[in-house]
> 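This is the structure I want to talk about, given as structure tokens.
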Amino acid sequence: MSTNKDIAILGVGMHPWGKWGRNFVEYGVKAARDALADSGVNWRDIQFVSGAATIRNGYPGQVAGATFAQALGWQGAQVNTSYAACASGSQALAAARSKILSGECEVALVIGSDTTPKGFLKPQPGDRPDDPDWVRFRIGITNPTYFALYARRRIEMYGDTLEDFAQVKIKNAQHGLSNPNARYRKAFNAADVAASPMVADPLRLMDICATSDGAAAIIVSSVDYARKVGKAKAPRIAAISTVTPTFASALVEMPDIATDSAVAVPAQSFRAALPRKAYEEAGIGPEDVSLAEVYDLSTALELDWIEDLQLCARGDAAKLLREGVTRVGGRLPVNPSGGLACFGEAVPAQALAQVCELTWQLRGQAGERQVAGAKVGITANQGLFGHGSSVIVKA
Amino acid sequence: MSTNKDIAILGVGMHPWGKWGRNFVEYGVKAARDALADSGVNWRDIQFVSGAATIRNGYPGQVAGATFAQALGWQGAQVNTSYAACASGSQALAAARSKILSGECEVALVIGSDTTPKGFLKPQPGDRPDDPDWVRFRIGITNPTYFALYARRRIEMYGDTLEDFAQVKIKNAQHGLSNPNARYRKAFNAADVAASPMVADPLRLMDICATSDGAAAIIVSSVDYARKVGKAKAPRIAAISTVTPTFASALVEMPDIATDSAVAVPAQSFRAALPRKAYEEAGIGPEDVSLAEVYDLSTALELDWIEDLQLCARGDAAKLLREGVTRVGGRLPVNPSGGLACFGEAVPAQALAQVCELTWQLRGQAGERQVAGAKVGITANQGLFGHGSSVIVKA
Amino acid sequence: MSAVLKEQAVGVPVLDGWFTLDEQRPHLLGTRCTACGTYYFPKLKGFCRNPDCNGESFEEVPLSRTGKLWSFTSAAYQPPEPYVQVDKEAFVPFAIAAVELAKEKMIVLGQVVAGTGVESLRAGLEMELVLEPLADGKLTWKWKVAA
Amino acid sequence: MSAVLKEQAVGVPVLDGWFTLDEQRPHLLGTRCTACGTYYFPKLKGFCRNPDCNGESFEEVPLSRTGKLWSFTSAAYQPPEPYVQVDKEAFVPFAIAAVELAKEKMIVLGQVVAGTGVESLRAGLEMELVLEPLADGKLTWKWKVAA
Ligand SMILES: [Zn+2]
Ligand SMILES: [Zn+2]
């Protein structure tokens with residue numbers, strides 16, 4: 001069953017992350033052209049353009065799929081644009097997979113790109129007591145609040161320390177040093193992190209990821225098509241989970257100020273549900289995973305994800321970190337790309353960037369950050385409003 | 001080949017169009033619950049929620065799929081949200097179809113809902129010479145300009161008259177009189193239309209559609225699933241075309257101020273390409289069509305669509321209208337629902353509303369506006385940025 | 001924020017109908033589905049979000065005013081608007097609590113009262129709801145370590 | 001719009017670099033792909049939009065200043081901002097033209113000069129480009145029936 005649902009990754013491309021201040025279309029076209037070149041597929045042969053949307057940039061930002069189809073040259077392809085906050089890229093990838101598996105197309109371009117405004121995100125002006133995003137800022141609850149609550153919970157429950165969180169940053173910074181697409185390529189030590197200002201206790205500025213400009217693109221095809229163009233051994237996508245939460249959702253999620261009430265039905269973890277569905281779909285288990293790219297919006301959140309991915313028992317992620325298991329060279333590297341720590345988040349591109357990294361790793365093209373013998377990679381991310389994803393790529 | 005790509009429409013539901021001034025979630029949940037009830041499918045059994053996004057309402061408006069999944073009760077379904085301007089609904093429907101045809105799910109909810117601001121749409125404030133939408137307003141080119149240019153072109157090329165355009169309004173108003181979901185249910189005569197103020201010559205206020213609040217939802221499934229739940233005879237979706245234009249695009253489209261240059265490659269009609277792909281996919285031709293729901297953003301545009309759908313030769317649509325062919329009771333009724341003339345446009349819901357109407361017509365449940373012996377219906381619409389769609393539904 | 005405007009805001013809630021104005025024993029105000037008993041805060045109208053419930057009828061209920069500290073953090077920098085802005089130098093960091101209400105089986109966020117920093121908090125502490133003004137004088141709910 | 005501000009705007013284009021300021025024979029300014037020859041208006045940088053062309057190099061070119069009227073309409077009501085607003089009573093409806101440039105094989109929109117209404121237009125008329133001020137005094141391109 002699971003093998004029938006595989007699709008092939010023929011090519012990947014990125015525009016380096018940064019704060020370039022240019023139009024997102026330019027980044028996306030660069031990434032798309034690189035992915036096309038990497039795949040050997042001609043733009044005219046792309047039958048479906050699957051865009052990941054961003055909510056910024058006014059109108060044009062909304063229409064990623066069609067915008068890139070126009071910029072690359074209208075050629076009559078089918079198009080779709082997915083919006084799912086941080087999971088937009090995975091949903092766009094899932095849309096392309098469905099189009100391929102249904103036989104509606106053989107080869108598709110999946111693309112996400114963003115130009116981010118400077119400074120912290122903040123809500124639209126106006127008085128909107130019905131909008132939870134407005135309400136929480138009105139009473140003083142910002143984005144870092146949520147990440148900090150999860151981080152502090154780890155300290156209280158599992159005995160994690162600020163030093164553990166700093167080590168996540170140090171590890172990921174080390175990974176990203178040689179990544180040409182990373183925005184930050186600088187090594188840090190524990191003293192550097194400890195010297196960075198506290199933002200939301202226990203998280204310091206260096207524990208929290210920035211927002212960046214960037215773009216990622218992927219050419220995917222049916223396994224038959226891959227064979228036909230001489231790429232029978234291309235990495236395969238074995239699972240894409242984009243499940244919604246199950247009521248009652250156990251964690252208080254941005255932008256809410258309360259969880260669901262679990263009086264009528266039991267509370268459920270959304271983050272844990274995402275990879276569970278992916279493993280089931282791929283027909284493999286956590287024991288098969290060689291490496292993971294997870295959404296380290298904060299350093300501490302990387303530890304949560306490691307447990308949600310069932311790569312260790314609940315509460316043991318810091319132990320793995322301390323033992324060096326999760327660094328490149330360890331048994332199970334996490335965020336070999338450098339993660340959000342080195343990239344900063346470019347919302348609609350980020351989930352695709354994770355898959356680009358897995359592709360390079362599984363092909364053995366990751367250079368100094370190469371994970372030896374990488375066979376199976378998994379991604380995880382989560383965004384606003386019940387959006388999240390987990391993708392499994394295998395060699 | 002084409003029969004393998006069919007999916008079944010198990011249920012449809014709408015929230016009446018109007019200017020209700022309430023939250024779009026409320027409209028959408030009403031439409032979804034009606035569609036679920038109509039289908040007999042339990043909400044818990046829905047495996048995929050495919051939302052059509054709106055660009056209004058700030059954040060929450062973006063996340064139609066997940067927002068409705070939460071409002072109906074998070075139950076772990078997969079989710080996707082499509083944005084494609086006026087074609088958002090069709091893209092959401094296409095996403096659900098792919099998910100079903102790929103075997104990833106058996107039954108899905110497709111949903112679109114909108115709350116529109118009062119008054120004409122206008123661009124965001126600020127000075128943005130790089131944004132074509134800003135530029136065209138800066139030099140005095142509004143939305144009606146485009147529709148009026150197309151309408152005047154008909155007068156110049158085919159000899160259409162203002163009276164012809166008025167007759168489209170009169171016909172559609174007559175159709176919508178008995179439609180419980182229509183916003184405007186009032187008959188008009190030629191004198192009424194002639195008395196309405198000129199907006200953009202040759203189009204009067206009554207030639208141009210309004211913007212409305214509204215919601216539409218559809219439950220679709222695999223043909224096997226339909227059989228299993230005793231709905232083997234449910235109407236089928238035989239085609240969904242969401243192609244992009246082919247360069248060089250021949251018509252100047254909102255918000256551009258120029259067409260593509262056709263010096264290197266020939267000019268192509270985007271509108272004509274949309275149904276062409278749909279016919280090809282369904283394996284049928286214009287001669288098989290019993291009725292059509294087309295996007296009458298203006299009265300004159302309905303005539304363009306009739307020709308783009310190949311229901312008559314280029315330039316002959318007004319003749320069909322004059323002969324009564326396109327009214328209910330005629331050989332080939334167009335916009336039996338009353339069309340945008342009676343609904344006003346609720347962007348992410350509108351393309352789904354067209355499919356709801358075809359469903360009721362093919363089931364013989366359209367009451368006073370019933371098209372006798374309806375067997376095959378086709379829709380057409382077009383939005384901003386190279387988005388458009390055409391859907392074929394058959395009994 | 002002028003002194004006059006601030007004066008007028010005294011006793012005015014930052015959000016209408018979100019909590020009672022009882023100075024001694026304030027309560028957050030939620031709703032409860034009359035069909036399945038699920039609580040909602042903020043108040044939900046319309047349709048129950050329990051996927052097994054078709055409830056469309058809700059009653060307004062005061063939520064438990066005490067609960068256990070689930071986790072906590074601080075705002076070391078002034079949050080952006082619509083948080084009421086004060087001079088950068090005048091901003092005093094505050095703690096934020098996530099408190100688990102036993103009866104409602106839900107976690108509710110809120111600021112911690114002025115003067116209580118994260119160093120005096122730990123998970124499991126019993127917390128109670130009080131009212132305190134924001135910088136514009138409008139009242140909000142806050143969490144306080146129970147006596 | 002004050003008289004002083006309007007004075008300062010005399011001769012200033014509404015959009016920088018979109019057209020030449022030659023009063024007698026103005027041209028719209030586009031770009032042309034050096035690989036495939038496709039014209040772009042407004043100017044395109046970056047990547048050619050012809051799907052069969054990988055061109056990334058463009059030269060600035062003046063577009064033909066005459067063409068044939070493809071279609072036309074009017075603005076009977078004042079367009080919303082950023083169109084420069086005047087008093088409702090002072091607003092004078094204007095015509096709008098879509099003009100086909102033969103050499104570039106493209107259609108370009110623009111206002112028709114003041115004083116020419118739709119009643120004097122018909123498809124196929126030869127049109128030429130001129131400059132006229134908007135209500136704020138800034139110059140824009142307009143189409144005029146060729147002499
Ligand atoms: Zn309930
Ligand atoms: Zn070119």
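Sequence lines set the chain letters: A, B, ... in the order given, protein chains first and strands last, and positions in each chain run from 1. Please read these numbers as outputs of a predicted model, since none were measured by experiment. The figures that follow rest on heavy atoms only: side chains count, while hydrogens, waters and symmetry mates do not.
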> Take B:Arg152 and B:Glu156, measure what salt bridge (Lys or Arg N to Asp or Glu O under 4.0 Å) needs, and give me the verdict at the end.
CA-CA 6 Å; B:Arg152 170 59 63 178; B:Glu156 300 290 304; 3.5 Å; yes
> Look only at the side chain of B:Tyr146 and the backbone of B:Asp256, and say whether a donor-acceptor pair between them is shorter than 3.5 Å.
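Side chain of B:Tyr146 to backbone of B:Asp256, a donor-acceptor pair under 3.5 Å: yes, one is there.
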> Just by distance, with hydrogens left out, do D:Glu81 and D:Gln85 show a side-chain donor and acceptor under 3.5 Å apart?
no
> When only pairs under 4.5 Å are counted, which of B:Leu149, B:Leu203, B:Thr142 shares the most heavy-atom pairs with chain D?
B:Leu149
> So which bits of residues 263-270 of chain B come within less than 4.5 Å of chain D, counting non-hydrogen atoms only?
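So far as heavy atoms go, B:Val263, B:Ala264, B:Val265 are the residues that approach chain D to under 4.5 Å.
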> Measure distances from D:Trp141 to the heavy atoms of chain B and classify the residue's part below 4.5 Å as side chain, backbone, both or neither.
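Just its side chain gets close to chain B.
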> If we ignore hydrogens and angles and just use 3.5 Å, is the side chain of D:Arg65 paired with the main-chain N or O of D:Pro26 as donor and acceptor?
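Side chain of D:Arg65 to backbone of D:Pro26: a pair is present.
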> Do you know which of B:Ile139, B:Val252, B:Asp260, B:Ile141 has the most heavy-atom pairs under 4.5 Å to chain D?
B:Ile139
> Can you tell which part of B:Leu251 gets under 4.5 Å to a heavy atom of chain D, answering side chain, backbone, both or neither?
side chain
> For chain B, find its close neighbours in residues 12-19 of chain D: heavy-atom separation under 4.5 Å, sorted by number, or none.
D:Val14, D:Leu15, D:Trp18
> For atom NZ of B:Lys319, decide whether the heavy atoms of other residues, nucleotides or ligands shown that lie under 6.0 angstrom number more than 12.
no
> Got more than 12 heavy atoms from elsewhere within 6.0 Å of CD, D:Glu60?
yes
> Do B:Asp296 side-chain atoms and B:Ser298 backbone N/O form a donor-acceptor pair below 3.5 Å?
no
> D:Asp87 side chain to D:Ala90 main-chain N or O, any donor-acceptor pair under 3.5 Å?
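Side chain of D:Asp87 to backbone of D:Ala90, a donor-acceptor pair under 3.5 Å: no, none is there.
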> Please look at B:Phe147 and chain D and tell me whether the side chain, the backbone, both or neither of the residue comes under 4.5 angstrom of a heavy atom of that chain.
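Neither part, no heavy atoms under 4.5 Å.
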> Is there a donor-acceptor pair under 3.5 Å between the side chain of B:Arg204 and the backbone N or O of B:Ala194?
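Yes; at least one donor-acceptor contact below 3.5 Å.
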> Ignoring hydrogens and angles, tell me if any N or O in the side chain of D:Glu59 forms a donor-acceptor pair with the backbone of D:Thr34 under 3.5 Å.
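Not a single qualifying donor-acceptor pair exists.
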> Give the member of D:Gln78, D:Glu104, D:Gln111 that has the highest number of heavy-atom pairs under 4.5 Å with chain B.
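Option with the greatest count: D:Glu104.
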> Counting only heavy atoms closer than 4.5 Å, note whether B:Asp127 contacts chain D via side chain, backbone, both or neither.
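Interface part for B:Asp127: neither.
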> Indicate yes or no: at least one non-hydrogen side-chain atom of B:Leu340 is less than 4.5 angstrom from one of B:Gln350.
yes
> Pull out the residues in residues 120-130 of chain D that come under 4.5 Å of chain B, heavy atom to heavy atom, sorted by number.
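Residues D:Arg122, D:Ala123 are the ones that qualify, each having a heavy atom under 4.5 Å from chain B.
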> Tell me whether D:Arg32 forms a cation-pi arrangement with D:Tyr39, defined as NZ or CZ under 6.0 Å from the six-membered ring centre and within 45 degrees of its axis.
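Here D:Arg32 passes the 6.0 Å and 45° test against D:Tyr39.
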> Tell me, for B:Ala250 versus chain D, whether the close heavy atoms (under 4.5 Å) come from the side chain, the backbone, both or neither.
backbone
> Identify the heavy atoms of B:Asn381 and B:Cys86 that sit nearest to each other, and give their distance.
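Minimum heavy-atom separation between B:Asn381 and B:Cys86: ND2-O, 2.9 Å.
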> Assess the residue pair B:Asp164 and B:Arg322 against the criterion (salt bridge (Lys or Arg N to Asp or Glu O under 4.0 Å)); give the C-alpha distance rounded to whole Å, side-chain angles, the decisive distance to 0.1 Å, and a yes or no.
CA-CA 7 Å; B:Asp164 290 329; B:Arg322 289 174 208 139; 2.6 Å; yes
> Within the supplied structure, the quantity of interest is the number of heavy atoms (other residues, nucleotides, ligands) at a distance under 6.0 Å from D:Arg25 CZ; does it exceed 12?
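Atom CZ in D:Arg25 is not packed in, count stays at 12 or less.
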> With only heavy atoms counted, which part of D:Thr38 is less than 4.5 Å from chain B, the side chain, the backbone, both or neither?
both
> Would you say B:Arg138 and D:Val84 make side-chain contact, with heavy atoms under 4.5 Å?
yes
> How about D:Phe94 and D:Tyr77: are their ring centres within less than 6.0 Å of each other?
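Judged by ring-centre distance (under 6.0 Å), D:Phe94 and D:Tyr77 do not meet the cut-off.
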> Does D:Phe41 reach the side chain of D:Met106, with side-chain heavy atoms less than 4.5 Å apart?
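The answer is yes, as the side chains (C-beta and beyond) meet within the 4.5 Å cut-off.
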> Look only at the side chain of B:Ser261 and the backbone of D:Lys105, and say whether a donor-acceptor pair between them is shorter than 3.5 Å.
no
> With respect to chain B, which residue among D:Ala95, D:Ser74, D:Pro79 yields the maximal number of heavy-atom pairs within a distance under 4.5 Å?
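Heavy-atom pairs under 4.5 Å are most numerous for D:Ser74.
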> Any side-chain donor-acceptor pair under 3.5 Å between B:Lys19 and B:Thr116?
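There is such a pair (donor and acceptor under 3.5 Å, judged by atom type) between the side chains of B:Lys19 and B:Thr116.
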> Give a yes or no answer on whether the side chain of B:Ser389 reaches the backbone of B:Ala87 with a donor-acceptor pair at less than 3.5 Å.
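Checking the backbone N and O of B:Ala87 against the side chain of B:Ser389, no donor-acceptor pair under 3.5 Å is found.
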> Taking side chain as everything from C-beta outward and backbone as N, CA, C, O, which of these in B:Thr145 sits under 4.5 Å from a heavy atom of chain D? Side chain, backbone, both or neither.
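Its backbone and side chain both get close to chain D.
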> Could you tell me which portion of D:Lys103 (side chain, backbone, both or neither) has an atom closer than 4.5 angstrom to a non-hydrogen atom of chain B?
backbone
> So what's closer than 4.5 Å to chain B heavy atoms on D:Leu134: side chain, backbone, both or neither?
side chain
> If you check every heavy atom in residues 299-309 of chain B against those of chain D, which residues fall under 4.5 Å?
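Hits under 4.5 Å: none found.
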> Report the distance from atom CZ of D:Phe72 to atom CD of D:Glu119, rounding to the nearest 0.5 Å.
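Between D:Phe72 CZ and D:Glu119 CD, I get 9.5 Å after rounding to 0.5 Å.
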> Can you tell which part of D:Val108 gets under 4.5 Å to a heavy atom of chain B, answering side chain, backbone, both or neither?
both
> Is D:Thr73 reaching over with its side chain to a backbone N or O of B:Ala148, donor-acceptor style, under 3.5 angstrom?
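No.
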